[in-house]
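Every number for a ligand or one of its atoms is a count from 1 in the order of the listing.
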Amino acid sequence: MDRLERNAGLDGIADSVRRVVRGLPLGRGRDVLHGRWLGHPVHPLMVQLPVGSWFSAAVLDLLPGQLRGARALIGVGLAAAGPAAVAGWVDWAELQRQQMRVGLVHAAANITAVALYSGSLAARIRGRSGLGKALGFAGLSAVSLGGALGGHLAYRQAAGANHSEVVPHLVTLGWHEIGAVADFPVGQAVRRHIDDVTVLVVRESGNKVHVLADRCSHMGGPLTEGVIADGCVQCPWHGSVFRLADGWNVRGPATAPQPAFDTRITDGHVEACLRLDETRAGKTTDAA
Ligand code: FES
């Protein structure tokens, strides 16, 4: 799998497929497929149905007299595979180069599985149950390989993970001075550090100051290099939009909001304090 990450021979086809996926007229549906409404990618959830159905069909194939049940489960798996694949492709089109290479082979393994299960279903419908079972087990092998590659993508390469999750563990509680008010020109992004966390600072007219963690929750892109407009910042890497006031991810592909800080001005200096919801407060206390 590590060699796969380094295989530049996959880049030509990856670029072509990415152009097609990014060109799909999905509108707001793209964020739905990313899982912004859920708070994390929806693709891993959607693959449970085809994988579970196909695995269950394999169990039935090992038992006597279960041909009809196995055939129905394979059909259910095939029907569910399409939507899961679309969500996966939409996520894939916003990954980094090394992740795209692994993701391409992950998809190829799953497409092979769909082809094998289609053949399996066709064979079963024609009454050739022996061939249907053989193709089904071959399909299960292919989708298992796809699953292993998906695990590498998620856990080794952190595709789909929240890249700002660590922030509450790195910032000490309380107020931190980050500079004089005059250091922050109105409407411009300024980079500062609070403990080990890089932050984006934007001052609005009227001395309202916004501070967000700088590393984008999607893939770690630098928000200080993004575009500031309409009370939001747009990530320069894949275009996620975060509200400056509270870090809310207004637009994907980011599925997690950006850690935000409360701010105040004391004696002409800006101070920031990590805004904690209950979950984050618990995490910080645990880390301490
Ligand atoms: S890193 Fe992908 S949108 Fe920010």
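Under 4.0 Å is where a charged nitrogen must lie from a carboxylate oxygen, and between D2 and R156 at least one such pair does. No salt bridge links R30 with D91; every basic N to acidic carboxylate O contact stays at or beyond 4.0 Å. Remark: E5 does not engage R101 in a salt bridge, criterion side-chain N to carboxylate O under 4.0 Å.
Residues V209 and V270 have side chains in contact (heavy-atom distance under 4.5 Å, counting atoms from C-beta outward).
Excluding waters, the protein N/O/S atoms found under 2.8 Å from atom 2 (Fe) of ligand 1 are H218 ND1, H238 ND1.
If you look at H218 and H163, their ring centroids are not closer than 6.0 Å. Aromatic pair F242/W248: ring centres not closer than 6.0 Å.
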